[in-house]
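So the structure is just underneath, and the comments pick up after that.
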Amino acid sequence: MTTRFSVLDRSRTRQGQRHAEALRETVAFARQAEALGYHRFWVSEHHGVPGVAGSAPTVLAAAVAAATSRIRVGTGGVMLPNHQPLVVAEQFGVLESLHPGRIDMGLGRSVGFTGGVRRALGHGKDDAEHFGEQLAELLGYFTGDQRVHARPSEGLRVSPFVLATGSSARFAAEAGLPLVIGAYRGEDAMLRAIEAYRAQFRPSVWSPAPYVVVSSTIAVAGTSERARRLLMPEAWSSAYSRTHGVFPPLSSADEIDSLTMTERERKFFDEAMLGHIHGTADEVADALHALTARTGADEFLVTTSTFDRAELLDSYRRLAELTGVLAPAR
């Protein structure tokens, strides 16, 4: 496949694990992803979420960039409504200055997970409505179009991306930026958003043409059942969050099998198991070719999480081999 493949790691904690361990594992995983030949390694922003250690993406991206040498490093993403654009520009300016030509600035418009988190951040749900203005201001600090001069950002060319769902894709099109999108509201909605993005795209100094990154969970194993079990820890965490209001650390598939779920938990768990690409190498290859044909994706951002890190790395290794990112061992 000629499509690029990249990695997003959210620094998920596992049962019995401290946040510090999860963060160190993210840095180690970045080195492994680089060795496997993946194009980018991104980290995320979550505040006040018990099962996620990744709360300061630019800080974590700095650690990842320092521990690697070739792979592009960035954020998937910095949630712009939570921050002042000047501060974001300065942070990415520092990253780009220290690691020139390797830094991606993935930007989202989500706000805090709960009302308490939003109040602690000093922002509300309505702040997301100003994303377009914030995005323009942020980019202006790099191009020198603002009255305030952001240093060392001004004149630098980080690579900006917009993380979007549904109608949010228009911000990427209007600003002439690459789009990162997943099928979070169903594949049909994603395909409509991609089509609209390409139709409305305005070439810019950042990108001369539309560029679509499809975000997806992809699990590859020796058998279809083994690949399906890789999805279970994240699916149960999602189901638990929707029924209890908090994300728990990831637990093993065996432990999840032993649970007696309520009817509501089972409903959300079954829903969370759907819509992912998983299976043997041949099955995943067929699914990826079909999804590429439907979306015209220029790149895939792989977002897989599971309890067993050795199995997770094996899945990424198998994916790298089947996509040609990594040549099979002789």
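Side chains are part of it too, since the values below use all heavy atoms of this structure and drop only hydrogens, waters and symmetry mates.
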Checklist line | Ser168 side chain to Arg109 side chain, donor-acceptor N/O pair below 3.5 angstrom | finding: yes

Item checked: Exercise: do Gln84 and Gln134 side chains pair donor with acceptor under 3.5 Å ->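 Their side chains do not contain a donor-acceptor pair, so the 3.5 Å distance test is not met.
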
Indicate, with yes or no, if [Y] and [X] share a hydrophobic cluster defined by side-chain heavy-atom contacts under 4.5 Å among Ile, Leu, Val, Met, Phe, Trp and Tyr.
X	Y	answer
Val213	Val302	no
Tyr211	Leu177	no
Leu312	Leu8	no
Met261	Val246	yes
Val205	Val162	yes

Under a 3.5 Å distance rule, please check whether [X] uses its side chain to pair with a backbone N or O of [Y] as donor and acceptor.
X	Y	result
Thr217	Thr304	no
Glu45	Met79	yes
Thr13	Gly51	yes
Ser241	Phe247	no
Glu299	Val212	no
Thr26	Ala22	yes
Arg10	Val43	no
Arg14	Phe307	yes
Glu283	Thr280	yes
Ser6	Arg40	yes

Check: Apart from Leu86 itself, what residues make up its hydrophobic cluster when side-chain heavy atoms of I, L, V, M, F, W and Y under 4.5 Å apart count as a link, directly or indirectly?
Finding: Tyr141, Val148

Checklist line | Residues clustered with Val94, ILVMFWY side-chain links under 4.5 angstrom | finding: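 Other cluster members: Leu98.
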
Carboxylate-amine/guanidinium contact [X] [Y], below 4.0 Å:
X	Y	result
Arg202	Glu174	no
Glu321	Arg317	no
Arg318	Asp314	yes
Glu96	Arg157	no
Glu263	Arg266	no

Is any side-chain heavy atom of [Y] closer than 4.5 Å to one of [X]?
X	Y	result
Leu288	Ile277	yes
Glu311	Leu230	yes
Phe5	Leu301	no
Leu250	Glu234	yes
Glu187	Leu291	yes
Pro210	Leu179	no
Leu313	Arg309	no
Gln200	Arg170	yes

For [X], enumerate each residue passing the ring pair (Phe, Tyr, Trp, His ring centres under 6.0 Å) test, keeping only those at least two apart in sequence or located in another chain.
X	answer
Phe171	Phe131
Phe201	Tyr197
Phe41	Phe29

Checklist line | Option from Leu163, Leu135, Thr75, Val180 for which side-chain contact (heavy atoms from CB on, under 4.5 Å) with Leu107 holds | finding: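 The option that passes is Leu135.
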
[X]: partners by side-chain hydrogen bond (donor to acceptor under 3.5 Å, both in side chains), with sequence neighbours left out:
X	result
Ser153	none
Asp270	none
Ser252	none
Gln15	Glu255

If you compare all heavy atoms of [X] against all heavy atoms of [Y], which two are closest, and at what distance to 0.1 Å?
X	Y	value
Glu265	Ala239	O-CB, 3.8 Å
Ser237	Pro248	OG-O, 3.3 Å
Ala169	Ala164	N-CB, 3.6 Å
Trp206	Ala175	CD1-O, 4.4 Å
Pro160	Val158	CD-O, 3.2 Å

Any chance [atom1] of [X] has more than 12 other-residue heavy atoms, nucleotides or ligands included, within less than 6.0 Å?
X	atom1	answer
Glu195	CD	no
Arg18	CZ	no
Arg294	CZ	yes

Margin query: I need the full list of ring-ring contact (aromatic ring centres under 6.0 Å, His included) pairs touching residues 52-101, with sequence neighbours left out, sorted by first then second residue.
Written below: none

Next item on the list: Could you note down all residue pairs passing ring-ring contact (aromatic ring centres under 6.0 Å, His included) where residues 220-246 supplies at least one of them, sequence neighbours left out?
Entry: Trp236-Tyr240, Tyr240-His244

Margin query: Before we go on, tell me: are the rings of Phe161 and Trp42 under 6.0 Å apart, centre to centre?
Written below: yes

How long is the straight-line distance from [atom2] of [Y] back to [atom1] of [X], given to the nearest 0.5 Å?
X	Y	atom1	atom2	answer
Arg12	Gln17	CZ	CD	10.5 Å
Leu95	Glu90	CG	CD	12.5 Å
Thr295	Met190	OG1	CE	6.0 Å
Leu80	Met105	CG	CE	8.5 Å
Leu231	Ser315	CG	OG	8.5 Å
Met273	Arg229	CE	CZ	9.5 Å

Next item on the list: Return each pair, listed once, that meets side chain to side chain donor-acceptor pair (under 3.5 Å) where at least one residue sits in residues 58-73; pairs must be two or more places apart or across chains.
Entry: Thr58-Gln91, Thr68-Arg102, Arg72-Asp104, Arg72-Ser159

